[in-house]
Amino acid sequence: MYFKMPVGEALVYALLGYAVVFFGICLLMAVVMIMGKIFIAKDKKAAAAKAAAAPAPAAAPAEAPKPTAPGSAGELKLHDVEPKTAAMIMAIVADKMGKPLNELRFISIKEVK
Amino acid sequence: MNIGEILLGLWNKSGFAQIITGFVSSNGWQNLVMLVVACVLLYLAIVKKFEPLLLLGIAFGCLLSNLPGAGLYNQQLWDAYVQGVPYVNAAGEVVEHITFTTIIHDGGLLDIFYIGVKSSLYPCLIFMGVGAMTDFGPLLSNPKSLLLGAAAQLGVFVAFFGAVLLGFTGKEAASIGIIGGADGPTAIFLTSRLAPHLLGAIAVAAYSYMALIPLIQPPIMNLMTTPEQRKIKMVQTRQVSKTEKIIFPIVVTLFVAMLLPDTAPLIGCLMLGNLFKECGVTDRLSDTVQNALMNIVTILLSTAVGATMIGSRFLTVETLKIVLLGVIAFGISTAGGLLGGQVMCAMTRGKVNPLIGSAGVSAVPMAARVSNVQGQKANPSNFLLMHAMGPNVAGVIGSAIAAGFLLSVFG
């Protein structure tokens with residue numbers, strides 16, 4: 001059969017191309033990882049500085065847990081989420097998992113920004 | 001005034017007469033077949049909803065360019081432009097050097113649309129829209145997922161090699177191989193530069209297979225993973241700060257475009273669109289790029305690409321080979337991503353679900369959704385979508401790098 005391009009040459013190009021894609025992606029991955037490490041360290045530093053700046057709260061007597069309704073799985077913490085949205089999310093999760101809502105326990109719902 | 005002569009003149013000018021008189025001699029039968037092909041594609045777009053936003057325009061462009069006598073798209077004009085040979089226009093004048101100005105002057109409406117494809121304007125603007133719609137957060141929170149985007153480019157190079165074995169030239173093989181990247185704009189960008197005569201077939205194959213991802217990928221995923229592996233739940237990744245998201249597009253543009261300058265138009269536009277989205281001070285631009293601009297360019301791009309599907313170019317054995325190689329490219333890219341997923345699963349001692357590897361083909365977000373669905377079939381409480389989005393957007397970068405390599409070698 002007649003080939004318009006030498007097969008050996010095509011094979012080399014194919015292998016080289018795949019290697020170049022990996023090389024480029026690895027380079028990018030290294031940069032992203034370094035970037036991530038810098039930001040994580042910066043965040044930790046900022047959090048530590050914030051914690052040091054805030055005065056230690058006086059030891060308060062431990063609050064008695066609030067009584068919950070029979071069958072309740074406890075309190076749900078909402079962070080930047082409307083109760084209506086949270087109810088909708090819980091209903092969707094229960095529906096997707098095919099389990100009744102009262103068999104699931106939601107601890108907190110937080111909006112990822 | 002001779003009414004008979006007027007009617008005869010009207011008849012002779014009509015497309016019906018041109019099809020009948022030139023049925024065999026002027027390939028009129030090919031026009032007819034292409035009109036049927038256009039109707040089939042319209043059916044797939046409207047009834048079966050196969051990538052309708054693009055396929056509808058492609059199908060209608062095909063229908064328009066195959067209307068006998070309408071002169072909306074002139075293949076001879078573009079052949080003369082690409083080959084740099086003289087062209088005889090409708091007035092019988094010989095035009096020595098064809099430029100875009102000549103095309104605007106002598107060409108039809110779809111020729112003018114096609115200038116945007118030939119100059120790479122439309123694929124780049126589409127990439128800008130894709131960038132503005134993409135959240136790179138999952139990739140930034142788990143940078144290792146970039147490797148899966150690279151692994152899933154395997155199909156590009158296997159299909160390239162297969163195309164050479166099937167008798168295509170290097171430039172044609174490179175254009176066919178990029179179908180495996182599962183990225184329409186990249187395929188159009190590369191093909192319009194390397195093998196414009198194959199553009200119609202490659203675009204139709206690429207977009208059709210992208211629409212068929214939910215059918216193509218699951219059997220390969222089931223074959224290459226065990227039920228236990230598919231059940232693996234992945235832990236939540238860290239939250240990415242706004243600053244990281246702003247810096248990322250700038251860093252990617254600098255690194256990737258400096259590594260492979262030929263990728264600069266694609267990567268540059270992708271990252272500019274993303275910067276519009278993330279910087280927080282250009283909401284109006286981000287909104288325009290995501291909606292109005294994206295829609296306008298999609299109309300122009302799809303119609304122009306469809307116009308290249310003229311009978312004499314499309315109804316060939318090469319088109320069948322492209323369709324075959326396209327599905328092989330998609331399948332092998334999926335397998336490559338899954339193989340990468342298996343390696344990561346083994347290296348992390350079962351913390352990575354290998355299903356996210358198949359999302360490394362860049363059809364965003366369809367491939368990630370397929371990973372999520374397959375994961376939930378094995379374990380209904382398994383939510384892989386965000387984990388699969390990392391490899392998915394990495395696939396866009398990976399296919400752009402693959403295109404840049406092929407362009408620098410064969411361009």
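This one's a predicted model, so the numbers in the text were calculated from it and none came from an experiment. All values below come from the heavy atoms of this structure, side chains included, with hydrogens, waters and symmetry mates left out. So you know, we letter chains A, B, ... as the sequences are listed, proteins then strands, and number each from 1.
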Practice item. Just give me the residue among A:Ile40, A:Asp43, A:Leu15, A:Val93 that pairs up with chain B most often, heavy atom to heavy atom, under 4.5 Å. Key: A:Ile40

For the interface with chain A, which of [options] has the highest count of heavy-atom pairs at distances below 4.5 Å?
options: B:Ala151, B:Ser241, B:Ser141, B:Gly398; result: B:Ala151
options: B:Ile401, B:Leu146, B:Leu260; result: B:Leu146
options: B:Leu406, B:Thr243, B:Ile397; result: B:Thr243
options: B:Ala394, B:Pro380, B:Ala400; result: B:Pro380
options: B:Gly137, B:Ala150, B:Gly170; result: B:Ala150

Gap separating the [atom1] atom of [X] from the [atom2] atom of [Y], nearest 0.5 angstrom:
X: A:Ile25; Y: B:Phe255; atom1: CD1; atom2: CZ; answer: 13.5 Å
X: A:Phe23; Y: B:Leu259; atom1: CZ; atom2: CG; answer: 6.0 Å
X: B:Phe168; Y: A:Met5; atom1: CZ; atom2: CE; answer: 14.0 Å
X: B:Leu254; Y: A:Leu28; atom1: CG; atom2: CG; answer: 11.0 Å

Does any non-hydrogen side-chain atom of [Y] lie less than 4.5 Å from one of [X]?
X: A:Leu27; Y: B:Val256; result: no
X: A:Val21; Y: B:Phe157; result: yes
X: A:Lys4; Y: B:Val164; result: no
X: B:Phe161; Y: A:Val7; result: yes
X: A:Met35; Y: B:Leu140; result: yes
X: B:Lys144; Y: A:Met33; result: yes

Review point. Counting heavy atoms not belonging to A:Glu82, are there more than 12 under 6.0 Å from its CD?
Key: no

Review point. Do other residues, nucleotides or ligands put more than 12 heavy atoms under 6.0 Å from A:Lys42 NZ?
Key: no

Exercise for review: Answer with side chain, backbone, both or neither: which region of A:Lys110 has an atom nearer than 4.5 Å to a non-hydrogen atom of chain B?
Suggested key: side chain

[X] portion near chain A, given a 4.5 angstrom heavy-atom threshold:
X: B:Phe410; value: side chain
X: B:Thr169; value: both
X: B:Ala174; value: neither
X: B:Leu154; value: both
X: B:Ser399; value: neither

Review point. For the side-chain contact (heavy atoms from CB on, under 4.5 Å) test, which of A:Val32, A:Val31, A:Ile34 pairs with B:Val251?
Key: A:Val31

For residues [X] and [Y], report the shortest heavy-atom separation together with the two atoms involved.
X: A:Tyr13; Y: B:Val409; value: CE2-CG1, 3.3 Å
X: A:Cys26; Y: B:Leu147; value: SG-CD2, 3.8 Å
X: B:Phe405; Y: A:Gly17; value: CE2-CA, 3.2 Å
X: B:Ser381; Y: A:Met97; value: CB-CE, 3.5 Å

Point to revise | Stepwise side chain to side chain contact (heavy atoms under 4.5 Å, CB included) test for B:Ile247 and A:Phe39 | key: CA-CA 11 Å; B:Ile247 292 173; A:Phe39 276 94; 3.6 Å; yes

